[in-house]
Amino acid sequence: MTDSYDIQQIERKWQQRWKEKNLFATRNDPGRRNFYYLDMFPYPSGKLHMGHMRNYTIGDVVARYHVMRGENVLHPMGWDAFGLPAENAAIKNQTHPREWTHACIAEMHNQFGQMGISFDWDREISTCEPEYYGWNQWLFLQMYRRGLAYRRGSFVNWCPSCATVLANEQVKQGLCERCDALVTKKQLEQWFFKITDYAQQLLDDLEALEHWPERVKTMQRKWIGRSEGVQFRFTLPGLDSAIEVFTTRIDTVFGVTFMVLAPEHPLVEALLRDSDREAEARAFVQKCMAQSEIERGSAEVAKEGVFTGQYAVSPVNGEQVPIWIANYVLMEYGTGAVMAVPAHDQRDFEFARQYGIPVRAVIQPEGEVVDGETMEEAYVEAGVQVNSGQFDGLSNIEAQTAIAKFMESSGIGRRTVNYRLRDWCLSRQRYWGTPIPILYCDTCGLLPAPEDQLPVLLPTDVEFTVGVNPLTTSPTFAQTSCPQCGGSARRETDTMDTFVDSSWYMLRFASPHAGTAPFDRDDVERWLPVDQYVGGVEHATMHLIYARFFTKVLNDLGLVKFREPFTHLFTQGMIGKATYWCSSCRKYLNPPADLAEPEAGKTAACPSCEKSLERRVEKMSKSIGNLVTADSMCQTYGADTARTYVLFVGPPDNDGEWSDEGVSGVYRFLNRVWRLVALHAEGFDPDWRNHVGEGGEEYKTVRRKVHQTAQKVTRDIERFAFNTGISAMMELVNVLTPFAERIGQDPTLATKAVFSEAVEYLILGLSPFAPHLSEELWALIGKQGSAYQAAWLDADPELAKEEEVTIVVQLNGKVRDRLLVQRAASRQALEQLALDSPVIKTHLDGKNVRKVIVVPDKLVNIVAG
RNA sequence: GCCGAAGUGGCGGAAUUGGCAGACGCGCUGGACUCAAAAUCCAGUUCUCGCAAGAGAGUGUCGGUUCGACCCCGACCUUCGGCACCA
């Protein structure tokens, strides 16, 4: 007999059988509870790495566990298949994105098979197929009719390298999330979803999401960014116009000494027209527009501005204040214009000092005087109103309300709420996405594509070249006829952001083949909302807000009955891998291909320029080259070891640095399990229940461990603590391995019964983690059918209870002795036993016992002095 | 800068509810088996002192609450994540 089993052969064999039996087809028994487990579907890049592996293994363990608990489990998988990489690959290799994507999908599908994941492949969906994206178009049209999809010209984030518009979420530090190019501003006609209409609901409904991580909810709250304030106008006497402003600090309104407009503000043009500062101001505005987000947007950049030569009048005291244009005011937030109060706002303060604008304090701490002339930073704390007319003497908190009320009653302004959240720009000037189903007719204007003409198919007669939207190169696509007048019309050539695809895919899985609607209403009612959703924390603000938004819209359209799509959310941490960055070559180097693995704690040098390299732990990605692929792990150690290991290394919500240092431990463990069962298979008695209560103390101890393990594994799967669940099974094997020797020495029915029960529990407890090995062992002990279809562990709490407990005896909080006593011993008995302990007696010598604390079944603490 | 999370052996990490710190695993040390190695098995492994029995210290730092603190409270340090001119 060998020490290890033929992993590859066993895994291939069971994967084959599962496939033949279609074992993972979704069960739909009416009498059972329904459970929908959903993993965030991947972009089909072609390779699954260890981050994916952990994600999908978590899902597989939980899904298998729920199946064994007797529930109907929906555990589907699909592909977030539209997006830029396919298009970039098309440019590079001259293959069509569809071919490239299909090849990647086939490869990843195969890898999921190798990992032994229990997906119901009959429900596979791919967002790049017309059967899917046609419903994106249909949903878009429903939203268009409701005014929730609209078109407007706007300044958008433009990536010159990708030649496309980016959502705010796709701009990281002013750089394109994908290619790191500097993002600039560009005015374009764009399609938007009116997500701001739902800002308040998206915020309010977070409260009810009890089973979402607090961290994600906090991020969403910040992202939505609700703030309450007052909106009112400063009049422009020369222009017969006014500037609308929003402020959260209306208590400081008497401290306004100037106004600031964003360079893009619509009134800039009129203000500059007959100003003596026109030339200088225009130059400044143009400079701002040419600047990228990072040059202009970051807080570290110096505040710059220019005086317009014009004045505005404050509605509260009739004062005239100069109007400036400055780079620190954003057109996208509020009204694009601010009342500047340098005494009480640090940004305004810095600006005022730089340009010599007066500073007037209107709030002072009790008993102190704040002087605008001499203060060195803005005073932003609470205080008492001064220089504020009738409001002098009030605390600024009181003044907030008093001034707001005054402004409302006198018709100057009104209290409003502003959100940081902006409407969702969904237009992309790209080919590999869902065409936006809109037509432009020369006579009738903008029209939705007729629903009976959906899907609007992506054409294939296109060219892929850098910097051009390939969809505009099709000689046939744009040309169409107007459904209203029959005249010639032109199709919209923008495609949709791929976040549209992932905003409703969880519904499609309930009825993936529905042909006359995006989803079957009954199926959706049966399965949704998703009972457990799992994915990377990086989707906290984008995908998870969009999916919530879509659900609310669908609810308002009467298509679904719920308003939140995911009841339980679990966010797994990211798995990174060390890589070495050369700052002078500006590239990542990875061992062993680019350099030798540096010793721990030592720095490595760049092989080409000799500069020392910076060690960085980065998220695994193809572009950095620090990928550890799932299939390489499965080939080296087998899927069962790889699966168990990724869960054993630590809690799944932790970020982690990949290392396969410990993988041998799990590999050895599974081999020990195999030997334990395979080498003692003759000791297995299928009728163990008849004799399992027999035998002495040692037998009881083993059974106790078995049932304790069953309890722990169950609880640990429920709480996503897979690492400790696996540890528990390792402990069980450490107990069973020596016990198994008894079968040879003392082959009674009682011995076999205890062993058999233990083995059965062990195999089933392990089966969600290491399903191939478990199936093999299940068959080896003569079981019919699949371990996957067996019932989950039934832990007996009575058997799991310890009869004797170790009581810790402390003297003044310090452990001095341990006593082994019967469970549930009385307080008095424990106290006496503790005081009688010889060790305690020695330590107590010459001391008075002042107090004794007894915690039954735990400890006795003697306080003495 | 603001908000949030986390700091435990050489390493990954355990520790229901304030009650035995270091489960489980890696690594390391010694041993068994072997001609030898691999594999496997056994023993040890927080640190300091000690031949040992044992004693002392110990969960980022400093303080507090408590009979008792990795756990609760306050201040600070470090790391990671999110946001970053949001008026």
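Chain identifiers are assigned alphabetically (A, B, ...) following the order of the sequence lines, protein sequences preceding nucleic acid strands; residue numbering begins at 1 within each chain. For clarity, every value in this text was computed on a predicted model and none was experimentally measured.
Look at A/Lys577 and A/Glu657 and you find no salt bridge, because none of the NZ, NE, NH1 or NH2 atoms lies under 4.0 Å from a carboxylate O.
In this structure, A/Gln346 places its CD atom 15 Å from P of B/rA87, rounding to the nearest Å. B/rA6 atom P lies 12 Å from atom CD of A/Glu214, rounded to whole Å. Rounded to whole Å, the distance from NZ on A/Lys858 to P on B/rG19 is 7 Å. Distance A/Glu332 CD to B/rC85 P: 11 Å, rounded to the nearest Å. In this structure, A/Arg816 places its CZ atom 14 Å from C1' of B/rG68, rounding to the nearest Å.
With distances taken from any side-chain atom of A/Phe648 to the nucleotides B/rG12, B/rG82, B/rA14, the minimum falls on B/rG12. When distances run from any side-chain atom of A/Thr806 to the nucleotides B/rC20, B/rG27, B/rC24, the shortest one goes to B/rC20. Side-chain atoms of A/Pro651 lie closest to B/rA14 of the nucleotides B/rG19, B/rG25, B/rA14.
B/rA14 is unpaired under the Watson-Crick or G-U wobble criterion, no partner having all donor-acceptor distances under 3.5 Å. Across all strands shown, B/rG7 forms a Watson-Crick or G-U wobble pair, both distances under 3.5 Å, with B/rC77. Applying the Watson-Crick and G-U wobble criteria (two distances, each under 3.5 Å), B/rG44 pairs with B/rC28.
Using a 4.5 Å heavy-atom cutoff, the side chains of A/Val321 and A/Ser314 are not in contact.
Each of A/Tyr667, A/Tyr637, A/Trp658 was checked for a ring-ring contact (aromatic ring centres under 6.0 Å, His included) with A/Tyr645, and the lone residue meeting it is A/Trp658.
Using a 4.0 Å cut-off on heavy atoms, the residues of residues 652-661 of chain A that approach RNA chain B are A/Asn654, A/Glu661, listed by number.
In textbook terms, a nucleotide whose glycosidic angle is within 90° of 0 is syn, while B/rG4, being further out, is anti.
Look at A/Arg675 and you'll find a side-chain N or O under 4.0 angstrom from OP1 or OP2 of B/rC41. Look at A/Lys814 and you'll find a side-chain N or O under 4.0 angstrom from OP1 or OP2 of B/rA57. Here A/Asn723 reaches the OP1 or OP2 of B/rA14: one of its side-chain N or O atoms lies under 4.0 Å away. Considering only side-chain N and O atoms, A/Arg668 lies under 4.0 angstrom from the phosphate OP1 or OP2 of B/rG27.
Without hydrogens or angle criteria, A/Arg226 side chain to A/Val417 main chain gives no donor-acceptor distance under 3.5 Å. Side chain of A/Glu228 to main chain of A/Thr248: no donor-acceptor pair is present (N/O by atom type, distance under 3.5 Å, no hydrogens or angles).
Among the heavy atoms of the strands, none lies under 4.0 Å from A/Arg226. Residue contacts shown for A/Ser227 are limited to sugar-phosphate atoms, with no base heavy atom under 4.0 Å away. The residue A/Val815 sits close only to the backbone: its heavy atoms come under 4.0 Å of sugar-phosphate atoms, none of a base. Nucleic acid contact class of A/Asn734 (heavy atoms, under 4.0 Å, all strands): sugar-phosphate only.
The aromatic rings of A/Phe351 and A/Trp324 stand perpendicular to each other, their planes meeting at an angle above 60°, with 30° marking the opposite boundary.
Nearest-nucleotide assignment on RNA chain B puts the 5′-proximal partner with A/Lys851, out of A/Lys851 and A/Thr248.
With a 6.0 Å radius and a threshold of 12 heavy atoms from other residues, nucleotides or ligands, A/Glu661 has its CD atom at or below the threshold.
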